[in-house]
Protein chains: 2
Amino acid sequence: MSLASASAARPAPPRRTPKGERTAERILDAAEALFAEHGYAGTTLRAVADRVGVRIPSLYNHFASKDALYAAVLERGLAPVIAVLSDTLEPEGLGSRDSGELVERVMAVLAERPELPRLVQHETLTGGQHLTPMLRSWVTPLFARAHDLAMATPATRRWGPEQIPLLVLAFYHVVVGFFTIAPLLHEWVGEDPRDEAVIERQTRFLRQLVETLLPDEPPADA
Amino acid sequence: MSLASASAARPAPPRRTPKGERTAERILDAAEALFAEHGYAGTTLRAVADRVGVRIPSLYNHFASKDALYAAVLERGLAPVIAVLSDTLEPEGLGSRDSGELVERVMAVLAERPELPRLVQHETLTGGQHLTPMLRSWVTPLFARAHDLAMATPATRRWGPEQIPLLVLAFYHVVVGFFTIAPLLHEWVGEDPRDEAVIERQTRFLRQLVETLLPDEPPADA
DNA sequence: AGAACAAACTATTGATCGTTAGTTTTCGAG
DNA sequence: CTCGAAAACTAACGATCAATAGTTTGTTCT
């Protein structure tokens, strides 16, 4: 073991944080990937420990239980997404910003962690027991603001007020579904959603979807 | 509904089929509901047996393993959906039928078994190991026909040929996502996707989505 | 009614699950 | 360099998993 003085390039990790704290994040990384792929029940602590390169009981030095680890993964992953959403959807910027900016920002933050939407989908499918207490205070105002944003456009001319929530949900499903179906597409067509070109193509598509469904100017239907 | 023999109302089940065959279907029903809610790993044979009202080893009289039961659930559930899809998307009816008919038929068959999309979503998220061999010969031509159907409309004027597949996928995600998020909406808003009114509203919304995104007549953009 | 078979049962298997107790190693501060 | 704490380890726990063997019950056909 060479602990160099101050010279050559060394694969050493940044020694800024205490050791335990860094392994805690490595555990979170491993757990995030495994939970996203196999879900909560399908992920064993053995799989997590193996991926980290550690024995199972060591996990308990950082997280009290499998459930606590899962909650930590969910919270660490969701926080930046919620931040971006609530920032972009701030009430003061409602009219001024165009809806396309929201699409680009959301896609950008999700592209950095493409496993997150799959994690959320697993939670959604199994009832969202862990998701509900965390999102109850967030998703409601966010949904309301997205609703207002859509209502502020002349889209109500063609959509009718009661259909706006469905429109918002539809956008959610298209965005999340893109990441959800990624592993299958990767196997069938060979497209990796981590590929920047694929992300950009989808983002462009979503922008056009927004323009078509929520046009800035009323349609010229004679 | 009931094909009664000729006599009084009796709680007895139809004695047409041999007994084992009927319990096999009861097992499939129970397994379908449980797999859709908790996924493969999250569903235990004990839960299935309890729901059927039978001991665990009895399941093995009808299905060779948990995996075989899962495959049987998937196949029995997917068959009618594939049938409707491939029938509606038959090449000869490409131009004549309007795309809205496809939406209505798909929503109708899914509304009868709202757990199916969730089952497929679980499979999709976990890699679709059981899904791929079953759908490989089906999803490819279906996707190709949906692609042709979209290309046959004047939609390419506004969408560009390379975006049509994304459009088809987007429709898939909106349809499936509606059933996926149902349990959460049921908890948050109290809407049950089994409610006929909710289904009809979503179907109407989807028809309008089709009309807006794939208009029959070229848009009058001056 | 009785033989033959299907389908339920009881009991138990080895493997693996999440979790805990107790011990040793490693790290960081004085 | 040393000491104390943090974090790794070994070993084992009870519970539960899917699956099997052997037996009993029930149904169906002649």
Side-chain angles (χ1 to χ4, degrees), chain A residues 1-5 10-32 34-35 37-74 122 126 129-130, chain B residues 5 10-32 34-35 37-74 122 126 129-130:
Chain A
M1 288 293 176
S2 65
L3 67 100
S5 49
R10 167 162 65 110
R15 285 294 185 106
R16 202 71 246 146
T17 56
K19 173 183 177 182
E21 199 167 313
R22 287 193 296 106
T23 65
E25 280 213 13
R26 284 179 28 210
I27 294 175
L28 284 174
D29 289 337
E32 181 176 293
L34 289 169
F35 281 139
E37 184 169 359
H38 306 107
Y40 180 83
T43 300
T44 68
L45 292 184
R46 164 176 287 279
V48 177
D50 282 355
R51 185 180 258 246
V52 178
V54 109
R55 304 291 182 175
I56 299 177
S58 302
L59 304 178
Y60 286 86
N61 287 328
H62 305 274
F63 302 95
S65 64
K66 183 187 181 184
D67 215 80
L69 171 59
Y70 184 69
V73 166
L74 227 51
H122 273 293
T126 55
Q129 306 293 343
H130 296 81
Chain B
S5 50
R10 173 162 58 110
R15 282 294 183 106
R16 202 69 248 146
T17 56
K19 172 182 178 181
E21 198 168 314
R22 289 192 295 105
T23 65
E25 278 213 13
R26 286 191 337 173
I27 293 174
L28 285 174
D29 290 337
E32 182 175 293
L34 289 168
F35 282 139
E37 183 168 0
H38 307 108
Y40 180 83
T43 300
T44 68
L45 292 185
R46 163 178 288 280
V48 176
D50 283 355
R51 185 179 260 245
V52 178
V54 106
R55 304 290 183 177
I56 298 177
S58 300
L59 305 177
Y60 287 88
N61 287 328
H62 305 274
F63 303 95
S65 65
K66 183 187 179 182
D67 215 80
L69 171 61
Y70 183 69
V73 166
L74 227 51
H122 273 293
T126 56
Q129 306 294 341
H130 296 80

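This one's a predicted model, so the numbers in the text were calculated from it and none came from an experiment. Chain A is the first sequence line, chain B the second, and so forth, proteins listed ahead of strands; every chain is numbered from 1.
Computed from C1' positions of five pairs at each end, the angle between the two local axes of the helix from dA1(C)-dT30(D) to dG30(C)-dC1(D) equals 30°, rounded to 10 degrees.
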From CA spacing to verdict: side chain to side chain contact (heavy atoms under 4.5 Å, CB included), Val52(A), Thr23(A): CA-CA 8 Å; Val52(A) 178; Thr23(A) 65; 5.6 Å; no
query: Are Thr126(B) and Glu37(A) close enough, and set up right, to give a side chain to side chain contact (heavy atoms under 4.5 Å, CB included), and what steps lead you there?
result: CA-CA 5 Å; Thr126(B) 56; Glu37(A) 184 169 359; over 6 Å; no
message: Walk me through whether Leu28(B) and Leu69(B) qualify under side chain to side chain contact (heavy atoms under 4.5 Å, CB included).
response: CA-CA 7 Å; Leu28(B) 285 174; Leu69(B) 171 61; 3.9 Å; yes
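We find that CZ of Phe63(B) is positioned 16 Å from C1' of dA19(D), with the value rounded to whole Å. Between Tyr70(A) atom OH and dT19(C) atom C1' the separation is 20 Å, expressed in whole Å. In this structure, the CZ atom of Arg26(A) is 12 Å from the C1' atom of dA8(D), given to the nearest Å. Rounded to whole angstrom, the span from the CG atom of Asp67(A) across to the P atom of dC17(C) amounts to 17 Å. Summarising the geometry, the separation between CZ on Arg22(A) and C1' on dA7(D) is reported as 13 Å, rounded to the nearest angstrom.
Rounding to the nearest 0.5 Å places OG of Ser65(B) at 9.0 Å from CG of Leu45(B). How far CG of Asp67(A) is from NE2 of His130(A): 3.5 Å, rounded to the nearest 0.5 Å.
Of the possible polar contacts, one joining the Thr43(A) side chain to the Leu34(A) backbone as a donor-acceptor pair under 3.5 Å is found.
At dA8(D), one or more side-chain N or O atoms of Thr23(A) fall inside 4.0 Å of OP1 or OP2 (strictly under the cut-off). Within the 4.0 Å cut-off from OP1 or OP2 of dA18(D), not a single side-chain nitrogen or oxygen of Arg46(B) is found. Applying the 4.0 Å criterion to OP1 and OP2 of dA6(D), one finds that His62(A) has every side-chain N and O outside that range.
A side-chain contact (heavy atoms from CB on, under 4.5 Å) with Val54(B) is found for exactly one of Asn61(B), Val48(B), Leu59(B), namely Leu59(B).
Residues passing the side chain to side chain contact (heavy atoms under 4.5 Å, CB included) test with Asp50(B) are Arg46(B), sequence neighbours excluded.
Classification of the Phe35(A)-Tyr40(A) ring pair by plane angle, with boundaries at 30° and 60°, yields parallel.
The stretch residues 52-61 of chain B comes close to DNA chain C through Val54(B), Arg55(B), Pro57(B), Ser58(B), Asn61(B), each having a heavy atom under 4.0 Å from the strand.
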